Colleague: 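I have a structure here, written as structure tokens, and I will follow up with some questions on it.
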Amino acid sequence: MGTWGTAISSNNTYADIYSEFIGLYDDGIEPSEISRKIIRDNNELIEDSEDKNDFWFALAMAQWQCKSLDPDLLQRVKIIIESGEDIKIWEQLGADKQDIKKRKKALDSFLIN
């Protein structure tokens, strides 16, 4: 996991997925088709315990910004955040308490916005 901060978007997985989605959207492809393609093409990320949450966060943000947020994806993101699943990963990776606190704040803010 290439992470450079505690923000939702501060990692390589998020940046790559978000960029791919927006690039395809700018090419005129429908958001639902983009989502299917990105999910189909990124099984390794989806199965990776360190990257999967960032994958879903990026996909959700891109869909939301394109006014096409899938309710099932929103529910998935809510579960990840509200269950503490993402925070547990950060703890397992050895993040310090200050970074954990910042990450939790970023996650909570992500749900609100």
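Heavy atoms only: backbone and side chains are in, while hydrogens, waters and symmetry mates are out. Worth saying up front: this structure is predicted, and the values here are computed from it rather than measured.
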Colleague: Any idea which heavy atoms bring I89 and S49 closest together, and the distance?
Modeller: CD1-O, 3.0 Å
Colleague: Mind checking whether I39 and W56 have side chains closer than 4.5 Å, heavy atoms only?
Modeller: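 Side-chain contact under 4.5 Å: yes.
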Colleague: Taking C-beta and beyond as the side chain, do M61 and I8 meet within less than 4.5 Å on heavy atoms?
Modeller: no
Colleague: Once you round to the nearest 0.5 Å, how far does CG of L59 lie from CG of L45?
Modeller: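 One finds 11.5 Å between CG of L59 and CG of L45.
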Colleague: With sequence neighbours left out, what residues match K37 under side chain to side chain donor-acceptor pair (under 3.5 Å)?
Modeller: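 Side chain to side chain donor-acceptor pair (under 3.5 Å) list for K37, sorted by chain: D41.
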Colleague: Okay, side chain of D48, backbone of E44: is any donor-acceptor separation there less than 3.5 Å?
Modeller: no
Colleague: Looking only at heavy atoms, what is the nearest atom pair of I34 and I29, with distance?
Modeller: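 Shortest heavy-atom separation between I34 and I29 comes out as CD1-O, 3.3 Å.
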Colleague: Can you see which heavy atom on P31 is nearest to which on S68, and at what distance?
Modeller: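 So the minimum-distance heavy-atom pair works out to CB-OG, 3.1 Å.
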Colleague: CD1 of I46 to NZ of K52: how many Å apart, nearest 0.5 Å?
Modeller: 11.0 Å
Colleague: Taking all non-hydrogen atoms of both residues, which atom of D99 and which atom of T6 are closest, and how far apart?
Modeller: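 Nearest pair, atom of D99 first, then T6: O-CG2, 3.5 Å.
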Colleague: Please check if any side-chain donor atom of T13 sits under 3.5 Å from a side-chain acceptor atom of D51, or the reverse.
Modeller: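 Note: T13 and D51 side chains meet the donor-acceptor criterion.
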Colleague: Going by heavy atoms in the side chains, are L111 and E82 under 4.5 Å from each other?
Modeller: yes
Colleague: List the atom of I22, the atom of A62, and the distance in Å for their closest heavy-atom pair.
Modeller: CD1-CB, 4.4 Å
Colleague: Which pair of heavy atoms, one from A60 and one from V77, lies closest together, and at what distance?
Modeller: CB-CG2, 3.8 Å
Colleague: Going by the side-chain hydrogen bond (donor to acceptor under 3.5 Å, both in side chains) test, which pairs reach into residues 19-36, not counting sequence neighbours?
Modeller: S35-Q63
Colleague: How far does CD of Q75 sit from CD1 of I80, to the nearest 0.5 angstrom?
Modeller: 10.5 Å
Colleague: Between N11 (side chain) and Y14 (backbone), is there a donor-acceptor pair under 3.5 Å?
Modeller: yes
Colleague: Side chains of D72 and R76: closer than 4.5 Å at any heavy-atom pair?
Modeller: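 Of all side-chain heavy-atom pairs linking R76 with D72, none is under 4.5 Å.
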Colleague: About how many Å separate CZ of F110 and CZ of R103, when rounded to the nearest 0.5 Å?
Modeller: 9.5 Å
Colleague: Is the shortest side-chain heavy-atom distance between L93 and E50 below 4.5 Å?
Modeller: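 Heavy-atom side-chain distance check passes, below 4.5 Å.
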Colleague: Hey, are the side chains of D108 and I81 touching, using non-hydrogen atoms and a 4.5 Å cut-off?
Modeller: yes
Colleague: How long is the gap from CD on E85 to CH2 on W90, to the nearest 0.5 Å?
Modeller: 14.5 Å
Colleague: Within the side chain of S83, is there an N or O that forms a donor-acceptor pair under 3.5 Å with the backbone of I79?
Modeller: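 Indeed, once roles are kept as given, a pair shorter than 3.5 Å links the two residues.
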Colleague: Are W64 and L74 packed together at the side-chain level, in the sense that at least one heavy-atom pair is separated by less than 4.5 angstrom?
Modeller: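 The answer is no; the side chains never approach within 4.5 Å.
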Colleague: Going by heavy atoms in the side chains, are Q65 and Y18 under 4.5 Å from each other?
Modeller: yes
